[in-house]
There are 2 protein chains.
Amino acid sequence: MSAILPTSAEENYLKAIFKIAEKEPGPVLTNALAAEMGTSAASATDMLKRLSDKQLVAYEKYRGVTLSEAGSRLATSLIRKHRLWEVFLVDKLGFAWDEVHEFAEQLEHIQGENLTERLDDFLGHPRFDPHGDPIPDAKGRWQHRTQTRLLTLSPGQRGIVTGVDDHSPTFLQYLAEMGLSLGAELEVLERTAYDQSAKVRIGEREAVLSEKVGQNLFVRII
Amino acid sequence: MSAILPTSAEENYLKAIFKIAEKEPGPVLTNALAAEMGTSAASATDMLKRLSDKQLVAYEKYRGVTLSEAGSRLATSLIRKHRLWEVFLVDKLGFAWDEVHEFAEQLEHIQGENLTERLDDFLGHPRFDPHGDPIPDAKGRWQHRTQTRLLTLSPGQRGIVTGVDDHSPTFLQYLAEMGLSLGAELEVLERTAYDQSAKVRIGEREAVLSEKVGQNLFVRII
DNA sequence: AAATATTTTTAGCCTTGACTAAAAATAAAA
DNA sequence: TTTTATTTTTAGTCAAGGCTAAAAATATTT
């Protein structure tokens, strides 16, 4: 009766499939998965057979792969654990938001009864992680916010920073230097038509943000 | 220059060697190591070759093995991490002392800059884990207490519970039911010569503790 | 010291999760 | 529709970490 526990490698593939399917609905292709995992197509094919044997995915040769109900639940649970641990690392241990990904990548694979729920209790049931990404609840239900990319704001509009679409340490560090942490308020003062860069007010300061930043920063318009 | 990180399996062997060498000074024999790891002597031999290649142990065929300086530092660091995570699980997440071993066994292998020191700060630099075992400091220095087995107390002597020598969940649960948590005060009222069992007062209660319990419970005499 | 028993190592095999190179299937272009 | 390009799978290899069975070394008895 007891299902065998997936290995960490299997879990990472499930997360990758989930992540790709989130952006690009429909079956996930082997090459896309291999790219996401930073591995070869041959390795991905091998793993897809294993995941298929364990009923975690529906896999058809040459046709791509989709998560099964069980696989989807597992992926969601991993994302939940990853994000809860990130909250722990930032809120309790005092790490910066650009330092926690690698730790959480390991911590999400810790197995055992009740750990996640106790951690969630301890953290006060946070609904978003330090990057503003939603944390699914214990039943796998997702929160969803209405947020827009900074790029879409016109001069005069104001917003609150709610998240990022690029999680790289360099981007996160840059934002921190600019005072653009989660919850920061900003106002678009001007936008340059030529390159879509924007002059913005961040609290007291003024700064110019490139299109790339505008593309990767989520805000809630106020 | 950068030394390759040991795998979790290698780390577990180092811990096991450390643990055996602690009780039984001198080189650790292959069979003892295999028994401690719950594996075959052949597997232990394989691993000893790997550890020896990585200079983590000094291994001589048929003669047994001892930890190198590097191996010893690593084992100590693992014990430090294990015990700090146990403190976290009990003090912060509210687990009972018999529930945390398996979690800590996984958490001790989490790798990354500064995690242990931040965790130690967050926990307030505890010097003992939830079972009363000492937590080495960041430099690998050990605390040592003066503690005796309950078995050595004579009627009339009183003590404070400082630790256990048996970490099995069943023993720990039994102690908890008896009110014998860390720091509990007790007094030996009588001792039966025949089987070394003792009638003790634990706070308000009275109970009879077997020789086995007396053997596995550490106290500080007051 | 020789015979026997025990411990340890070697040899050969298995699985997981990688890899490369070659083959096969599918898709796109002529 | 046939050729060419792309994607995917298969085949064969490797390292880590386990296993069993057999061989070798060490220890213990007689």
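Letters A, B, ... are given to chains in the order of the sequence lines, protein chains preceding strands, and every chain is numbered from 1.
At whole-Å resolution of the value, CE in A:Met37 and C1' in C:dG17 are 10 Å apart. In this structure, the NE2 atom of A:His109 is 14 Å from the C1' atom of C:dG17, given to the nearest Å. In this structure, B:Asn12 places its CG atom 12 Å from C1' of D:dG17, rounding to the nearest Å. What separates CD of A:Glu10 from P of C:dT15 is a distance of 15 Å, to the nearest Å. For B:Lys54 and D:dA15, the NZ to C1' distance is 11 Å, given to the nearest whole Å. For B:Asp53 and D:dA16, the CG to P distance is 9 Å, given to the nearest whole Å.
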Pull out every protein N or O sitting under 3.5 Å from an N or O of nucleotides 9-11 of chain D, one pair per line with the distance.
unit_1 : atom_1 : unit_2  : atom_2 : d
D:dT9  : OP1    : A:Tyr59 : OH     : 2.3
D:dT9  : OP1    : A:Tyr62 : N      : 2.9
D:dT9  : OP2    : A:Thr30 : OG1    : 2.9
D:dT9  : OP2    : A:Thr45 : OG1    : 2.9
D:dT9  : OP2    : A:Tyr59 : OH     : 3.3
D:dT9  : O4'    : A:Tyr62 : OH     : 3.3
D:dT10 : OP1    : A:Lys61 : NZ     : 2.5
D:dT10 : OP2    : A:Lys49 : NZ     : 2.8

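Taking only side-chain atoms of A:Thr7, from C-beta outward, the nucleotide of C:dC19, D:dT20, C:dG17 with the closest atom is C:dG17. Of the candidates D:dG17, C:dC19, D:dT20, the closest approach to any side-chain atom of B:Ala9 belongs to D:dG17.
Between the side chain of B:Arg141 and the main chain of B:Pro136, no donor-acceptor pair closer than 3.5 Å is present. When atom types are taken as modelled, the side chain of B:Thr192 and the backbone of B:Asp195 share no donor-acceptor pair closer than 3.5 angstrom.
Between A:Thr39 and the phosphate of C:dC19, there is a side-chain N or O to OP1/OP2 separation shorter than 4.0 Å. Between B:Asn31 and the phosphate of C:dT8, there is a side-chain N or O to OP1/OP2 separation shorter than 4.0 Å. Contact annotation: A:Arg50 side-chain N/O to C:dG17 OP1/OP2 distance is under 4.0 Å.
Using the six-membered ring where Trp is involved, B:Tyr174 and B:Phe171 have ring planes that are parallel, under 30° apart on the 30 and 60° scheme. Taking the six-membered ring where tryptophan is involved, the planes of B:Phe122 and A:Phe88 are perpendicular, since the angle between them exceeds 60° and thus also 30°. Using cut-offs of 30° and 60° for the angle between ring planes, the B:Trp97 and B:His131 rings count as parallel.
Atom CG of residue A:Asp165 and atom CG of residue A:Leu217 lie 10.0 Å apart, to the nearest 0.5 angstrom.
Not counting sequence neighbours, the partners of A:Lys15 by the side-chain hydrogen bond (donor to acceptor under 3.5 Å, both in side chains) test are A:Glu105, A:Glu108.
The C1' atoms of five pairs define one axis at each end of the helix from C:dA1-D:dT30 to C:dA30-D:dT1, and these two axes lie 10° apart (to 10°).
Under the 6.0 Å distance and 45° angle rule, A:Arg118 counts as a cation-pi partner of B:Phe95.
Residues in residues 119-129 of chain A take part in these salt bridge (charged side-chain N to carboxylate O under 4.0 Å, His left out) pairs, two or more places apart or across chains: A:Arg80-A:Asp120, A:Arg83-A:Asp129. Annotation: side chain to side chain donor-acceptor pair (under 3.5 Å) contacts involving residues 19-30 of chain B, sequence neighbours excluded, comprise B:Lys19-B:Glu36.
As judged by a 4.0 angstrom heavy-atom cut-off over every strand, B:Ser43 is placed among the base-contacting residues.
Contact of the A:Tyr13 side chain with the A:Ser43 side chain is registered, since non-hydrogen atoms from C-beta on lie closer than 4.5 Å.
Using a 4.0 Å cut-off on heavy atoms, none of the residues of residues 22-29 of chain A approach DNA chain C.
Checked by atom type, the side-chain pair B:Gln55/B:Ser68 shows no donor-acceptor distance below 3.5 Å.
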